[in-house]
Amino acid sequence: MGILDNFSLEGKVALVTGASYGIGFAIATAFAEAGATIVFNDIRQELVDKGLASYEEKGIKAHGYVCDVTNEEQVEAMVAQIEKEVGTIDILVNNAGIIKRIPMLEMKASEFRQVIDVDLNAPFIVSKAVIPGMIKKGHGKIINICSMMSELGRETVSAYAAAKGGLKMLTRNIASEYGEHNIQCNGIGPGYIATPQTAPLREIQPDGSRHPFDQFIIAKTPAARWGTAEDLQGTAVFLASDASNFVNGHVVYVDGGILAYIGKQPQ
């Protein structure tokens, strides 16, 4: 078997949460290209239908389910249904997440809890649901979508940073607790990614200049550009494949070098 065969996902079943669009969709399409069968969820039927149509446009036969990943009963029922209709889950990507940009002193405790629930509790719930099947099968891959906020703080994202910091440690703990069952749990920490949601922050201003936030990101990134969802695909396939069988408990930051860079000296 050649080295490239280690990157194949042929015959694997991959569940990517919240993968109707965006980063989750990009990761799932890469998995499909590598040979995996794709399963995804979203919180509403219209989002699932939109996702199914997008996969179909790319020639991918995906399986979509409506499920609130913060609801343990719904998650357990979805995983049981997937195992019955598609097969035991070999690869899990905990991608579903939210962010609320609110200064800490203005943020309600209920808003803080909501972010923690989606970004930290849900990965715990979904991982807990799929690990028994992985143990029975003798292998498994769990990839948690972390963030640079797993390492850094920034104004207005106290809940998100707390959740993503916690997700980094959940990643390490799953690796520690279930590594002996040939389960590898790692994270991906995306940098600033160009998506439709961030498009307004990258619009050229009326005077022809970059948006101030765009200037800030370009100045802080050694690659001197925003990332794309496609920039995450190679790392995701590596962490989902046999090529990473002795890689466990790490977060790979796909950030163009931001975390390694102190920034330019002011002129």
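The model shown is predicted, which means the values in this text are computed figures rather than measured ones.
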**Prompt:** Can you list the steps and then say if Ile43 with Cys67 is a side chain to side chain contact (heavy atoms under 4.5 Å, CB included)?
**Reply:** CA-CA 5 Å; Ile43 198 165; Cys67 179; over 6 Å; no
**Request:** Go through the structure and list residues passing salt bridge (charged side-chain N to carboxylate O under 4.0 Å, His left out) with Lys128, not counting sequence neighbours.
**Result:** Glu72
**Request:** Could you go through the side chain to side chain contact (heavy atoms under 4.5 Å, CB included) check for Val157 and Arg101 one step at a time?
**Result:** CA-CA 5 Å; Val157 294; Arg101 294 182 176 88; 4.2 Å; yes
**Asked** Just by distance, do the side chain of Ser127 and the backbone of Phe124 share a donor-acceptor pair under 3.5 Å?
**Response** no
**Request:** With Val126 as reference, evaluate Asn144, Ile131, Thr70, Leu92 under the side chain to side chain contact (heavy atoms under 4.5 Å, CB included) test and give the passing residue.
**Result:** Leu92
**Asked** CD1/Ile99 to OH/Tyr160 distance, rounded to the nearest 0.5 angstrom?
**Response** 5.0 Å
**Asked** Would you find more than 12 non-hydrogen atoms of other residues, nucleotides or ligands less than 6.0 Å from Glu33 atom CD?
**Response** no
**Fill in**
In short, Arg202 meets Ala194 closest at the heavy-atom pair CZ-CB, 3.6 Å
**Asked** Taking only residues at least two apart or on different chains, which pairs with a member in residues 48-58 satisfy side chain to side chain donor-acceptor pair (under 3.5 Å)?
**Response** Gln45-Asp49
**Message:** Treating Asn71 as the side-chain partner and Asp68 as the backbone partner, does any N or O pair qualify as donor plus acceptor under 3.5 Å?
**Reply:** no
**Asked** Can you check whether Cys146's main-chain N or O pairs, donor with acceptor, with Ser150's side chain at less than 3.5 Å?
**Response** no
**Asked** What do the steps show when you test Tyr261 against Asp255 for side chain to side chain contact (heavy atoms under 4.5 Å, CB included), and what is the final call?
**Response** CA-CA 11 Å; Tyr261 187 45; Asp255 65 355; over 6 Å; no
**Prompt:** Okay, side chain of Asn182, backbone of Gly138: is any donor-acceptor separation there less than 3.5 Å?
**Reply:** yes
**Pair Glu151-Tyr253, side-chain donor/acceptor within less than 3.5 Å** = yes
**Prompt:** Can you name the closest pair of heavy atoms from Thr171 and Cys185 and give their distance?
**Reply:** CG2-O, 3.5 Å
**Interatomic spacing from CD1 in Ile188 to NE2 in His250 - rounded to 0.5 Å** = 14.0 Å
**Asked** Nearest heavy-atom pair of Met148 and Gly191: which atoms, and what distance?
**Response** CE-CA, 3.8 Å
**Expected output: side-chain Ser241 to main-chain Ser8 donor-acceptor under 3.5 Å** = no
**Asked** So does Glu73 have more than 12 non-hydrogen atoms from other groups sitting under 6.0 Å from CD?
**Response** no
**Request:** Check side-chain hydrogen bond (donor to acceptor under 3.5 Å, both in side chains) between Glu177 and all other residues, then give those that pass, not counting sequence neighbours.
**Result:** Asn173
**Item:** Short side-chain to backbone donor-acceptor contact, Ser209 and Gln205, under 3.5 Å
**Value:** no
Would you mind writing out the side-chain donor-acceptor pairs for residues 11-28 within the sub-3.5 Å range, not counting sequence neighbours?
| from | atom 1 | to | atom 2 | distance (Å) |
| --- | --- | --- | --- | --- |
| Thr17 | OG1 | Val93 | O | 3.4 |
| Thr17 | OG1 | Asn95 | N | 2.9 |
| Thr17 | OG1 | Ala96 | N | 2.9 |
| Ser20 | OG | Asp42 | OD2 | 2.8 |
| Ser20 | OG | Leu47 | O | 3.0 |

**Asked** Under 4.5 Å between side-chain heavy atoms, hopping through other hydrophobics if needed: is there a path connecting Phe216 to Leu201?
**Response** yes
**Request:** Please report the shortest heavy-atom distance between Ser147 and Lys164, naming the atom on each side.
**Result:** CB-CG, 3.7 Å
Below 3.5 Å, can you tabulate the donor-acceptor pairs from side chains in residues 107-116 to any protein atom, sequence neighbours excluded?
| from | atom 1 | to | atom 2 | distance (Å) |
| --- | --- | --- | --- | --- |
| Glu111 | OE1 | Lys108 | N | 2.9 |
| Gln114 | OE1 | Lys100 | NZ | 3.3 |

**Item:** Exercise: identify the closest heavy-atom pair between Gly227 and Arg225
**Value:** CA-NH1, 3.7 Å
**Asked** Quick one: are Ile183 and His139 in side-chain contact, heavy atoms under 4.5 Å?
**Response** no
**Message:** For the backbone of Val247 and the side chain of Ser244, can you confirm whether one donor and one acceptor N or O come within less than 3.5 Å of each other?
**Reply:** no
**Prompt:** With no hydrogens and no angle check, do the side chains of Tyr65 and Gln74 hold a donor and an acceptor under 3.5 Å apart?
**Reply:** no
**With sequence neighbours excluded, residues passing salt bridge (charged side-chain N to carboxylate O under 4.0 Å, His left out) with Arg210** = Asp214
**Request:** Report whether Ile142 and Val254 are members of the same hydrophobic cluster (ILVMFWY, side-chain heavy atoms less than 4.5 Å apart, transitive linking).
**Result:** no
**Message:** Counting C-beta onward and ignoring hydrogens, is there a side-chain heavy-atom pair between Val79 and Ile89 closer than 4.5 Å?
**Reply:** yes
**Request:** Under the side chain to side chain contact (heavy atoms under 4.5 Å, CB included) rule, what do Val251 and Leu167 come out as? Steps first, then yes or no, please.
**Result:** CA-CA 10 Å; Val251 179; Leu167 187 58; over 6 Å; no
**Residues Asp90 and Lys137 bridged, charged N to O under 4.0 Å** = yes
**Distance-only donor-acceptor check, side chains Lys141 and Asn245, under 3.5 Å** = yes
**Closest non-hydrogen atom pair, Ala62 against Leu52** = O-CD2, 3.5 Å
**Request:** Dump the intermediate steps for ring pair (Phe, Tyr, Trp, His ring centres under 6.0 Å) on Tyr192 and Phe213, then the final yes or no.
**Result:** CA-CA 11 Å; Tyr192 284 91; Phe213 192 79; 5.7 Å; yes
